[in-house]
Protein chains: 4
Amino acid sequence: MTKSKSAKPVKAKSAGAKPRQPDVTRRNILDAALVEFAAKGLAGARVDEIAARSGSNKRMIYEYFGNKEGLWLTVLENAYTRMREEEHAIDVARMKPEEGMRYLMEFNFKFCSRNPEFIALLNAENLHKASYLKDSKKIRELYTPLLVVITDLLQRGQKEGVFRKNVDPVELYTTIAALGFFYFSNIHTLSTIFGRNLLSAKQQKIRLDHSMEVVLGFLRP
Amino acid sequence: MTKSKSAKPVKAKSAGAKPRQPDVTRRNILDAALVEFAAKGLAGARVDEIAARSGSNKRMIYEYFGNKEGLWLTVLENAYTRMREEEHAIDVARMKPEEGMRYLMEFNFKFCSRNPEFIALLNAENLHKASYLKDSKKIRELYTPLLVVITDLLQRGQKEGVFRKNVDPVELYTTIAALGFFYFSNIHTLSTIFGRNLLSAKQQKIRLDHSMEVVLGFLRP
Amino acid sequence: MTKSKSAKPVKAKSAGAKPRQPDVTRRNILDAALVEFAAKGLAGARVDEIAARSGSNKRMIYEYFGNKEGLWLTVLENAYTRMREEEHAIDVARMKPEEGMRYLMEFNFKFCSRNPEFIALLNAENLHKASYLKDSKKIRELYTPLLVVITDLLQRGQKEGVFRKNVDPVELYTTIAALGFFYFSNIHTLSTIFGRNLLSAKQQKIRLDHSMEVVLGFLRP
Amino acid sequence: MTKSKSAKPVKAKSAGAKPRQPDVTRRNILDAALVEFAAKGLAGARVDEIAARSGSNKRMIYEYFGNKEGLWLTVLENAYTRMREEEHAIDVARMKPEEGMRYLMEFNFKFCSRNPEFIALLNAENLHKASYLKDSKKIRELYTPLLVVITDLLQRGQKEGVFRKNVDPVELYTTIAALGFFYFSNIHTLSTIFGRNLLSAKQQKIRLDHSMEVVLGFLRP
DNA sequence: TATGAATGAGGCTTCATTCAT
DNA sequence: GATGAATGAAGCCTCATTCAT
């Protein structure tokens with residue numbers, strides 16, 4: 001939906017023809033569902049709305065995903081998978097430790113900024129106590145490559161004497177995730193409370209800079 | 001609202017008649033609504049369920065709160081108010097800067113731990129882009145006392161030479177909030193992904209300790 | 001529905017007033033459901049149609065009966081109960097054996113004739129292998145008073161020497177039921193096959209007379 | 001229809017291609033439909049289910065039978081035809097009257113026992129007031145051979161003095177049909193009410209013996 | 001002939017809300 | 001103030017049927 005304007009029937013025959021492309025139909029439904037679910041959560045989302053937005057029809061949703069919950073799970077899995085894929089593409093192996101750490105944090109922060117649907121989806125799933133995620137085979141197989149990268153950076157930094165010792169990679173990962181995620185997850189209530197527009201590029205830069213200072217300040221030996 | 005016990009006799013009239021205690025009824029509805037809304041969000045919550053759980057009936061909900069959304073807003077305002085009240089009770093004026101900072105972080109972390117409904121409510125409200133909160137007069141009047149306390153601690157710490165300079169109190173506040181809130185807000189998905197029970201006391205202690213190290217490590221001059 | 005034209009709101013206030021009489025509403029739904037279910041079976045019946053015909057609305061059906069299947073079961077139980085009540089009212093204790101037997105058969109035959117919905121309902125339930133009936137507590141408690149009456153008639157008849165010996169009451173009951181029920185249960189296909197209108201009073205009389213002859217001929221010593 | 005094996009080779013073309021055997025496909029659909037319709041009636045049956053069970057697909061159903069109702073009618077006609085064919089094969093011309101009558105009743109009873117789908121189908125069609133049957137040209141041409149046989153047996157029996165006079169063959173036929181059909185048609189509700197398993201061979205024998213006694217007892221001069 | 005995707009109408013059920021008592 | 005019956009709109013899902021390949 002986002003920018004898949006070109007996702008329309010590739011071989012559109014004559015007018016009124018029914019596209020007969022399962023993959024495209026499926027993809028369109030998932031795109032539409034992501035938007036709807038992210039905007040309203042599982043309970044608030046409307047199957048009719050998803051069907052309409054997808055350019056397909058309700059029946060297809062049930063054909064492909066069984067029911068609303070099946071669609072929810074698939075959307076969730078997709079979002080996670082996409083995130084992990086981007087994470088996986090990160091290559092900081094050749095960067096210096098501190099530079100690498102900055103890069104990682106920047107990626108994490110900007111990923112959250114670019115993908116508000118992902119944020120919304122995760123929050124909604126946490127509302128359900130991750131009950132759908134728990135039943136997902138796919139997700140449990142996904143590990144966090146970021147963790148490996150962080151571990152590597154920490155070791156190299158410690159060896160080079162630029163990072164302190166005794167830092168648990170999992171805790172550091174959680175901290176980095178928190179610093180990026182929380183800001184965007186609570187951006188609307190925070191904006192309201194503080195009376196500032198935290199969505200602005202300026203505010204985002206301030207936040208990212210501060211977060212980096214915090215983590216790097218902490219890491220310094 | 002909080003404790004506006006009217007002078008009316010708490011005990012019910014006599015035999016046969018149902019007790020007529022508007023305040024109690026109202027309070028019961030709010031309590032029931034908090035649980036229901038926190039568990040299922042605004043769209044997923046059921047007015048019937050709230051009525052049943054409150055021991056009252058649906059008519060009363062509409063009598064007191066107008067409609068479901070009015071109830072949602074009131075529950076939200078109540079949660080915020082209660083949180084702010086606890087925050088307000090904090091007194092770190094006489095503590096040493098570093099001790100005070102630790103105390104603040106601990107309070108924030110444990111408040112999140114003790115109030116999962118608050119977390120759920122905030123996330124749900126962010127899903128709606130804080131649209132209800134924005135319309136609330138009450139909330140906009142609430143400022144964050146914590147901010148004042150943090151500013152004071154920072155100044156004292158810098159004067160005493162135990163804290164670095166040029167630290168923006170708002171940013172630091174956000175960081176502290178993030179480190180506490182995120183862990184609990186995403187506790188179910190994180191537990192699933194990491195394969196650990198992050199709700200356990202042990203894991204919570206590890207996280208809190210790490211968070212403190214991060215913030216204090218960063219603050220050190 | 002049948003002749004409960006007078007069942008309308010007893011205390012109908014002004015125009016457009018909502019009758020607030022649970023029992024009447026419930027009764028109206030059951031009456032409407034009997035007609036609809038008998039005409040189309042469980043799967044073919046339409047909840048919308050039942051709601052419309054009952055003068056109430058769909059929501060009430062679910063309020064009182066849970067779902068379509070719950071309504072089906074209740075209608076079935078009601079039909080059985082009503083039938084058993086009429087059966088119970090039969091008093092042949094003072095009739096002579098042969099006269100009593102004729103009377104019983106006539107009642108059975110005419111009950112089927114008068115209650116085509118009952119026939120249809122039973123057939124439909126047999127299509128489901130009596131799965132709803134099996135779960136009904138109510139039905140299992142209903143015994144067949146007719147059986148007692150038949151047993152009594154047989155004994156008296158044998159004592160008086162007008163009936164043969166060694167007749168199993170259960171088998172005789174089944175035979176009598178079959179002779180009445182089958183004719184009405186299959187009346188449409190039989191009419192089509194034979195090219196006669198078996199619904200006519202004349203044909204019904206012929207059938208009843210023959211049936212009586214069969215049973216009494218058999219019973220003669 | 002029955003065995004109109006065309007001259008085409010039964011075996012499929014060669015590798016890769018699906019077998020193209022219209023008659024087989026048609027037959028498979030009818031077999032699947034019989035089971036589905038008998039189990040759930042016309043309204044309850046699912047075209048998808050029939051297609052799946054037949055090993056073919058929905059398109060073929062519409063190709064051959066037009067629509068669901070067309071399929072229903074064909075299944076009904078087929079069932080009737082098969083029944084009549086079996087009836088037709090009966091040859092009691094050389095049996096003694098009483099023996100012949102016993103044989104007929106046994107056939108009728110056992111046919112019902114062997115063909116529960118036929119029972120279910122007839123009941124379902126009666127629910128529709130035989131509306132499909134009435135429009136069937138095929139069915140109206142089918143007469144009941146049994147009727148001829150019964151007439152012959154009655155005449156011979158009366159001539160030989162073993163049967164009473166003034167017995168209407170149509171009525172006797174109906175009685176015989178009732179005694180067999182009813183038992184199986186209502187076997188589930190009767191089993192539930194009586195608390196016995198009437199499907200057992202033992203119970204069936206008891207019933208058949210009793211039915212014969214009834215009819216023969218009645219026929220005795 | 002055969003297949004499976006596509007569809008619109010409609011089915012069952014639930015919900016927030018209102019009204020009579 | 002309190003209760004529970006009543007309601008219309010709308011939600012999720014299914015079905016018979018058609019169409020493109």
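Below, read A as the first sequence line, B as the second, and so on, with proteins coming before strands; counting in each chain starts at 1.
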Regarding the side chain of N57(B), the nearest nucleotide among dA2(F), dT17(E), dA5(F) is dA2(F)

Quick note, R59(B) side chain, CB onward, closest among dC19(F), dT3(F), dA16(F) is dT3(F)

Q) Under 4.0 Å between a side-chain N or O of T25(D) and OP1 or OP2 of dA2(E)? A) yes

Taken to the nearest whole Å, CZ/R46(C) to C1'/dC12(E) is 10 Å

In whole angstroms, the gap separating C1' of dA6(F) from CD1 of I29(C) amounts to 11 Å

Shortest non-hydrogen pair, S54(D) vs A51(D), comes out as OG-O, 2.8 Å

In K58(D), K68(D), R53(D), the residue satisfying salt bridge (Lys or Arg N to Asp or Glu O under 4.0 Å) with D48(D) is K58(D)

Whole-Å distance, E63(C) CD to dG8(F) P, equals 16 Å

Looking only at heavy atoms, the pair that brings G41(B) and W72(B) closest together is C-CZ3, 4.2 Å

**Prompt:** F65(C) near the nucleic acid: base, sugar-phosphate alone, or nothing, with a heavy-atom cut-off under 4.0 Å?
**Reply:** nothing

Hey, does the side chain of E77(D) reach the backbone of I139(D) with a donor-acceptor pair shorter than 3.5 angstrom? no

Checking N1-N3 plus N6-O4 or O6-N4 for Watson-Crick, or N1-O2 and O6-N3 for wobble, each under 3.5 Å, the partner of dT17(E) is dA6(F)

Check: Looking only at side chains, do E125(B) and Y132(B) share a donor and an acceptor under 3.5 Å apart?
Finding: no

Whole-Å distance, Y64(D) OH to dT1(E) C1', equals 7 Å

When rounded to whole Å, the CG to C1' distance for the pair D23(C) and dA6(F) reads 15 Å

Side-chain contact check for S56(D): nearest option of dA5(F), dT3(E), dT3(F) is dT3(E)

(Q) Check this for me, if you would: do D31(A) and R27(A) make a salt bridge, where the nitrogen-to-carboxylate-oxygen distance has to be below 4.0 angstrom? (A) yes

Ranking L42(B) and V47(C) by the position along DNA chain E of their nearest nucleotide, the one closer to 5' is V47(C)

The nucleotide from dA2(E), dC12(F), dA5(F) with an atom nearest the side chain of K68(A) is dC12(F)

Between CE of M60(A) and C1' of dG4(E) the distance, given in whole Å, is 9 Å

> Quick one: does K58(A) reach the base of dG10(E) with a side-chain donor-acceptor pair under 3.5 Å?
Replying inline: yes

From CD1 of I61(B) across to C1' of dC15(E) the rounded distance in Å is 13 Å

* Any side-chain N or O of Y62(A) under 4.0 Å from OP1/OP2 of dT14(F)? -> no

(Q) What contact category does A45(B) fall into here, base, sugar-phosphate, or nothing, at under 4.0 angstrom with non-hydrogen atoms? (A) sugar-phosphate

To the nearest angstrom, the CD1-P distance between I50(D) and dA16(F) comes to 8 Å

With sugar-phosphate meaning primed atoms plus P, OP1 and OP2, does A43(A) contact a base, only sugar-phosphate, or nothing at under 4.0 Å between heavy atoms?
nothing

Comparing nearest nucleotides in DNA chain F, the 5'-proximal residue of the pair N67(D), P22(C) is P22(C)

